[in-house]
Amino acid sequence: MVLVLAIGDLHIPHRAPDLPAKFKSMLVPGKIQHILCTGNLCIKEVHDYLKSLSPDLHITRGEYDEDVRYPENKTLMIGQFKLGLCHGHQIVPWGDLDSLAMLQRQLDVDILVTGHTHQFKAYKHEGGVVINPGSATGAYSSITYDVNPSFVLMDIDGLRVVVYVYELIDGEVKVDKIDFKKTATTQSAH
Amino acid sequence: MVPDAAAADEEKCLADGMGRLQHNAFYMHRALDSNNLKDALRYAGQMLSELRTSSLSPHKYYELYMRAFDELRKVEMFFVEETRRGSYSVTDLYELVQHAANILPRLYLLCTVGSVYIKSKEAPTKDVLKDLVEMCRGIQHPVRGLFLRSYLSQISRDKLPDIGSEFEGGANTDNDAIEFVLQNFTEMNKLWVRMQYQGPTGEKAKRGKERSELRDLVGKNLHVLSQLEGVDLDMYKETVLPRILEQVVNCKDELAQHYLMDCIIQVFPDEYHLQTLETLLSAFPQLQPTVDIKMVLSLLMDRLSNYAVSSTEVLPEFLQAEAFAKLNSAVGEVIEAQVDMPISGVITLYVSLLTFTLRIHPDRLDYTDQILGACVQRLSGKTKLEDSKATKQIIALLSAPLEKYKDISTALNLPNYPRVMDHLDNATNKVMSAIIIQNIMKNNTCISTADKVDTLFELIKGLVKETDEAQDDELDEEDFKEEQNSVARLIHMLRTDDAEEMFKIICTVRKHILLGGPKRLAFTVPPLVFSALKLLRHLRNQDGDVNGQEVSVTQKKIFQLLHQTIEALSSVPSPELALRLYLQCAEAANDCGLEPVSYEFLTQAFILYEEEMADSKVQVTAIHLIIGTLQRMNVFGIENRDTLTHKATGYSAKLLKKPDQCRAVYACSHLFWVNEQDGVKDGERVLLCLKRALRIANAAQQMNATRGSSGHVTLFIEMLNKYLYFLEKGNPQITSSAIHDLIDHIRTEIQSDNTTSDPSDNAFFSSTMRYIEFHKQKGGSISESYEQIKV
């Protein structure tokens, strides 16, 4: 059981003062093995906070990030899965699943984690899964109205990944889960 | 060298004295063992004579005294044994010991026998004690007298005729124990004070030190008093406190007064202090002017504060005792009386009073304001505080109400609060501002009116305003960022659901942050912009039809404000940030249906792109943001739309690197195809873009051919994907043969010898082909289009 936190678009301090208290109390150091952050933190303090949750932190650059040295995209292996990470402002039209699927094919990953729209999405297509953890602070977005704070926790176990989405709705944390199984045939022979 | 020699002398003296003492003790014991009382007493007398010395400092004398004390315990035990056995009566012993040659040994022995006498109960305890305490007057030498009386106190401790003790006398004997202790105390204090006047005037400091070493001997008496059962509240009020205070005031000695006042406060219960507050406080003005009254007064207030929180039942007593009024005037009087008190001392007093007030009367905001007002008075006329002790105290003073009230609005409502802050220098203001912001963030407080926001920003002006002082440059960059980021976070806490008020808040915040100068604007402008954008959305959510006119007017005002605010970033300069914010505003204007406003914002974005962005990486991101924004906008009429898309495509083609050009141009293809119901679906222009991008890709291929690299291959695969995208969407201009040609081209390139193939290209191509295959097999309308692709 490997826990991977997918989180992003916090936009601290431009659009939000801090993570919701209920989220902060849930995100405890030492429980999460990897963090995939889609970007737009935006300041070093947020980086340090995420780093304290798990030493294996991966961040891609959002267009408001203070640190311009984060990469445009990243790929990594976790267990049997190949994951890709990209903020998403680079893919036009924004939030368009077919265009994101192209990026997924290009990075050749099973799971693509992307952000920018501030709306949670977990979408399966023939090439794999696209996951958008939304905005962890519920920050303003020109793309999505009424953003609820959300983040995603993936439990990777063998060929199976369970995606837990945590959303803060009217002050309460609601959890939903989605199962994905990777079939061996989708993996091209390397 | 002289002190060392003196110290060595003293050591020798002590050693000698100890030696002789032990010598006599030895013989004394031998005499006791052989029941030779007469000899024993003689040796005892000799032994005790060592305590007649004048050449020891109190510290060393104490050592000698302790030795003698131990020996006398054994003597006492002997007396007890003998009297029980009947060899001697107590009264006999009482007589016998008075034959000792010198008065000091005589009195020590007398006290020792006295102890036995009391235990035997052959005489009323009070009589024996009275006798002893009177006789001790025979020793007027300060050090010797203090130790003798201390001895008396020690041996009588467990034999006092207290209420309920076995040594209690008959009726009307409540006061006996108290009388005894008070008398001993009074005499000891007199001796102690007299020590100050002994010896040469040059050694005043040394004497002060020596006196300090002995102070607990005097204070012990007060401790004994506090432990007596007979000293209840009434007794304390009527007798004990007045008598102690009388001695304290009359002795007119600074050291004694300070120590004893301290002692009284610490030794007696807080409940008593509360009920005798007036009496206690009235003593303060009568003390010597050099006594550090503020420390004592602070101690008293702190103790009472702690007492107040110890239990809820206690609070009404405070109200009944009118504690606040009394302490408030006491503080005022003390400050008036001690004109030389440094400002840090004054503030310390007020901090103690404020802590007290916040605990006892948390709802009496007028009291808090009163105290702050008193501070303002004391601070006025002085220059900005620079004394670090004083500033620390002021910070404590200002932080206390914040912590207590939690909601900063309460503190903001106190008229004197900002006035105190006005007296802080810039550095202290910053510290205090940080505390204020922290308080707001921690308590999640929302500040919901423009007036309060205004007051708040006035308070924290150290963080917000640009000053001419050189201090600004000295500040560490990290610290400065943290500071400004905290102001940024604060801005999100300034909000209300009332749209009109919210607009006022935004204007107020803007007014203040524009005073921040170029260094601060990059931090403070974004949160303000997003606050305004949120307000716009809020306005749209409201029932627009009812006051549609008003809404539109307010919207335009907000956009105007946004425009001016973002413009201010040019002074930083911060073109990248400004571009992003202009694009946000453009989209928001689009949502409001305001075409000209939206056009204006996009124009500003384009201008920044043209004039301020030279770095290629920056350009690439910027152009994609522009394209992405434009793609989503539907408010433009044909002409405006054409102008803007033309610009976007033009700039895309002019990026420095070919791959960047290609990608930007094919991104532009989406400008002409919007997947919504009423969205533009201009198949031809889409194709034009794609073809243009393809030409660029070909050019890239040419360039790479000379180097033997294969970077262009991925571009072609991307192009393929884009063609497939539009095929799927139903663009009639996309032909299967075009796709087919692309596929062939890619295959050729991958297999070509000229270029080293990149495995990721292979993977990309394979997955794309799988995608095509998948759709062929899937069935349905899309499948038909795919049917025609020959793989």
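In what follows, chains are A, B, ... by sequence order, proteins preceding strands, each numbered from 1.
Residue contact with chain A, scored on non-hydrogen atoms closer than 4.5 Å, involves the backbone and the side chain of B:Glu718 alike. Both the backbone and the side chain of A:Ser99 come within contact range of chain B, with heavy atoms under 4.5 Å apart. Within the 4.5 angstrom heavy-atom criterion, only side-chain atoms of B:Arg537, from C-beta onward, approach chain A. Within the 4.5 angstrom heavy-atom criterion, only side-chain atoms of B:Leu577, from C-beta onward, approach chain A. Proximity to chain B is absent for every atom of A:Gln104, based on heavy atoms less than 4.5 angstrom apart. Using a 4.5 Å cut-off between heavy atoms, B:His492 contacts chain A through its side chain alone, with no backbone atom that close. In this structure, chain A has no heavy atom under 4.5 Å from any part of B:Asn762. Contacts between A:Glu63 and chain B at a heavy-atom distance below 4.5 Å involve backbone atoms as well as side-chain atoms. In this structure, no portion of B:Lys778 lies under 4.5 Å from any heavy atom of chain A. If you measure heavy-atom distances from B:Tyr666 to chain A, the contacts under 4.5 Å come from the side chain alone. Within the 4.5 angstrom heavy-atom criterion, only backbone atoms of A:Ala16 (N, CA, C, O) approach chain B. Interface remark: A:Ile12 contributes side-chain atoms only to the contact with chain B (heavy atom separation under 4.5 Å).
The most heavy-atom pairs under 4.5 Å with chain A, out of B:His624, B:His670, B:Gln631, B:His775, come from B:His670. Each of B:Glu478, B:Lys534, B:Lys617, B:Glu576 has some count of heavy-atom pairs under 4.5 Å with chain A, and the biggest count is that of B:Lys534. Interface remark: of the candidates B:Ile627, B:Leu533, B:Thr621, B:Leu533 forms the most heavy-atom pairs closer than 4.5 Å to chain A. Between chain A and the options B:Ala622, B:Cys668, B:Ser669, B:Pro526, the largest number of non-hydrogen pairs under 4.5 Å is found for B:Pro526. Considering only heavy-atom pairs separated by less than 4.5 Å from chain A, the leading option among B:Leu490, B:Val525, B:Val620, B:Asp591 is B:Asp591. Counting heavy-atom pairs closer than 4.5 Å to chain A, the top residue among B:Arg580, B:Arg663, B:Met441 is B:Arg580.
Between the side chains of A:Thr117 and A:Asn132, at least one donor N or O sits under 3.5 Å from an acceptor N or O. Residues B:Tyr771 and A:Glu126 have side chains that never bring a donor and an acceptor to within less than 3.5 angstrom of each other. Of the N and O atoms on the side chains of A:Ser54 and A:Asp56, not one donor lies less than 3.5 Å from an acceptor on the other residue. One side chain, A:His87 or A:Asp9, offers a donor N or O that lies under 3.5 Å from an acceptor on the other. In the model, B:Thr524 has no side-chain atom that pairs as donor or acceptor with a side-chain atom of B:Gln484 under 3.5 Å. Inspection of the B:Glu587 and A:Ser142 side chains reveals an N or O donor paired with an N or O acceptor under 3.5 Å.
Remark: A:Asp179 engages A:Arg160 in a salt bridge, criterion side-chain N to carboxylate O under 4.0 Å.
Side-chain atoms of A:Trp94 come within 3.5 Å of backbone N or O of A:His89 as a donor-acceptor pair. Checked by atom type and distance alone, the side chain of A:Ser141 pairs as donor or acceptor with a backbone atom of A:Thr144 at under 3.5 Å. Put simply, the side chain of A:Glu66 gets close to the backbone of A:Lys44: a donor and an acceptor are under 3.5 Å apart.
Heavy-atom contacts from other residues, nucleotides or ligands closer than 6.0 Å to NZ of B:Lys657 number 12 or fewer.
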